[in-house]
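Below is one structure; the comments refer to it alone.
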Amino acid sequence: MSTLCKNIKSAGFNQKVWQALKKIPRGRVTTYQELAKHLGRPKAARAVGNALNKNPQAPQAPCHRVVKSDGGLGGYARGAKKKNELLELEGVEVVKGRIEEFEEKIFRFK
DNA sequence: AGACTGACATACC
DNA sequence: CGGTATGCCAGTC
């Protein structure tokens with residue numbers, strides 16, 4: 001294929017993950033599990049985390065808006081601390097590594 | 001093809 | 001409430 005296409009190749013799952021990430025509105029968060037569900041793999045939360053970790057397009061995908069389903073922050077390629085910071089910048093309060101009013105801030109995919 | 005790796009989740013103790 | 005154990009999944013070695 002021509003030179004322009006090779007970049008859009010389907011890695012399948014992970015590509016979808018990054019795509020879905022872009023839909024998360026600012027000030028909201030989603031969970032690895034919700035994301036997995038949205039992709040048709042309700043039990044692939046782990047795989048989702050892997051996808052984000054290897055995300056080759058970090059700047060385009062707000063990885064910091066993806067957290068654990070129990071309200072914990074989860075991990076972040078550049079450090080959980082940085083993740084915490086970014087979230088608060090968007091208006092998401094985090095206390096002791098836990099999101100305040102978590103259930104109300106979760107963005108659920110349609 | 002088979003084993004290992006991880007930014008998870010749930011159950012148990 | 002915190003640590004351990006088990007299950008799950010896609011990607012990579």
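In what follows, chains are A, B, ... by sequence order, proteins preceding strands, each numbered from 1. Since we're looking at a predicted model, the values are computed, not measured.
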*From B:dG6, C:dC9, B:dA9, nucleotide with atom closest to A:Q33 side chain*: B:dA9
_A:Q15 CD to C:dA10 C1', straight-line distance once rounded to whole Å_ = 14 Å
_Residue A:K54, side-chain atoms from C-beta onward, closest of C:dC9, B:dA7, C:dT12_ = C:dT12
*Per A:C63 side chain, nearest of listed nucleotides B:dA7, C:dC9, B:dA9*: B:dA7
*Taking NZ, NE, NH1 and NH2 as the nitrogens, is one of them in A:R28 or A:E101 under 4.0 Å from a carboxylate oxygen of the other?*
no
_Less than 4.5 Å apart, side chain to side chain, heavy atoms only: is that true for A:V48 and A:F13?_
yes
*Heavy-atom side-chain contact between A:I24 and A:V29 under 4.5 Å*: no
*Selection from B:dG6, C:dC9, C:dG11 that lies nearest to any side-chain heavy atom of A:A44*: C:dC9
*Under 30°, 30 to 60°, or over 60°: which ring-plane class applies to A:Y76 and A:H64, parallel, tilted or perpendicular?*
perpendicular
*Indicate whether OP1 or OP2 belonging to B:dG6 is found under 4.0 Å from a side-chain N or O atom of A:N50.*
no
*Roughly how many Å is it from NZ in A:K82 to P in B:dA7, rounded to a whole number?*
19 Å
_Residue A:K83, side-chain atoms from C-beta onward, closest of C:dG11, B:dA9, B:dA7_ = B:dA7
*asked:* Expressed as a whole number of angstroms, how long is the span from A:L52:CG to C:dC9:C1'?
replied: 14 Å
_Rounded to whole Å, how long is the line connecting atom NZ of A:K43 with atom C1' of C:dC8?_
8 Å
_Nearest listed nucleotide, side chain of A:S69, among B:dT10, C:dC9, C:dG11_ = B:dT10
_C:dA10 phosphate, OP1 or OP2, under 4.0 Å from A:R41 side-chain N/O_ = yes
*Atom-pair distance (CH2 on A:W18; P on B:dA7), nearest Å*: 16 Å
_Nearest listed nucleotide, side chain of A:F13, among C:dG11, B:dA7, B:dA9_ = C:dG11
*At under 4.0 Å between heavy atoms, what does A:A47 touch on the DNA or RNA strands: base, sugar-phosphate, or nothing?*
base
*Measure from CG on A:L35 to P on B:dA9 and round the result to the nearest Å.*
11 Å
*Quick one: does A:R65's side chain get under 4.5 Å of A:L21's, heavy atoms only?*
no
*A:D70 CG - C:dC1 C1' separation (whole Å)*: 13 Å
_Spacing between A:Y32 atom OH and B:dG6 atom P, to the nearest angstrom_ = 15 Å
